[in-house]
Amino acid sequence: MGRNPMKAAVTLCAAAALAVPLSTASAAPSAPPAARTQQMQDPALVDCSGQPQIGPESYVLACGDGNSRLVSLRWYRWDLEAAVGRGTNAVNDCDPYCAAGAFHSYPVTVRLDQPTGGGEGGGERHFTRITLTYTDGRPDGSPRTVTLPLPG
């Protein structure tokens, strides 16, 4: 133990005390590599402020004024090719004008598709198209199915 046995003993105890938390932390379970890779590759839905979202509960369709938004979204598919869910499209009737208008709710099926990006210098993968299918009623003048480009 050298010239100072007490100093050597204290050093050994300190090293042992540090080794226990480190070995415990390294033994903690982590997500399998395939799951982490899959999550990083799934395309996102880019919101009005340019932030990517995976499986959001709400989404603003009318970025300029917020007069059309999706709420109560429940996703039952989200993969590399498409995302499909259900929710409600809350739409302002803007009657007599938007600030005094009332929001009306219409149940919809939502489909996101046409993913892009993610490759060499291509940025984060994101969906570029959204399709809404109204399942029970729809805004005046709106077709049953509406397809729109997404920001990204």
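Any value given below was found using the heavy atoms of this structure, including those in side chains, with hydrogens, waters and symmetry copies removed. Here the structure is a predicted model, which is why all the values come from computation and not from measurement.
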Is there side-chain contact between [X] and [Y], with heavy atoms separated by less than 4.5 Å?
X	Y	value
Thr88	Leu70	no
Ile54	Leu45	no
Arg111	Thr109	no
His126	Thr116	yes

- Task: Return yes if some donor-acceptor pair links the side-chain N/O of Tyr59 with the main-chain N/O of Val46 below 3.5 Å, else return no.
- Result: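 Such a contact is found between Tyr59 side chain and Val46 backbone.
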If every non-hydrogen atom of [X] is compared with every non-hydrogen atom of [Y], which pair is closest and at what distance?
X	Y	answer
Leu112	Trp75	CD1-CH2, 3.8 Å
Ala83	Trp78	CB-CE3, 3.4 Å
Gln53	Ser58	OE1-O, 3.9 Å

Using distance only, find each side-chain donor-acceptor pair of residues 89-97 under 3.5 Å and give its atom names and separation, not counting sequence neighbours.
| from | atom 1 | to | atom 2 | distance (Å) |
| --- | --- | --- | --- | --- |
| Asn89 | OD1 | Tyr134 | OH | 2.7 |
| Asn89 | ND2 | Ser68 | OG | 3.1 |
| Asn89 | ND2 | Arg69 | O | 3.2 |
| Asn92 | OD1 | Cys94 | N | 2.8 |
| Asn92 | OD1 | Ala102 | N | 3.4 |
| Asn92 | ND2 | Asn67 | OD1 | 2.8 |
| Asn92 | ND2 | Cys98 | O | 2.9 |
| Asp93 | OD1 | Asp95 | N | 3.1 |
| Asp93 | OD1 | Ala102 | N | 2.9 |
| Asp93 | OD2 | His104 | NE2 | 2.8 |

Are [X] and [Y] joined in one hydrophobic group, where the rule is that I, L, V, M, F, W and Y side chains link up if heavy atoms are under 4.5 Å apart?
X	Y	result
Leu148	Leu73	yes
Leu132	Tyr106	yes
Val110	Leu150	yes
Leu61	Val108	yes

- Do other residues, nucleotides or ligands put more than 12 heavy atoms under 6.0 Å from the CD atom of Gln114?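 It does: Gln114 CD has more than 12 such atoms within range.
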- Task: Can you run down the side chain to side chain donor-acceptor pair (under 3.5 Å) pairs that involve residues 142-152, sequence neighbours left out, and say none if there aren't any?
- Result: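 Found Thr131-Thr147.
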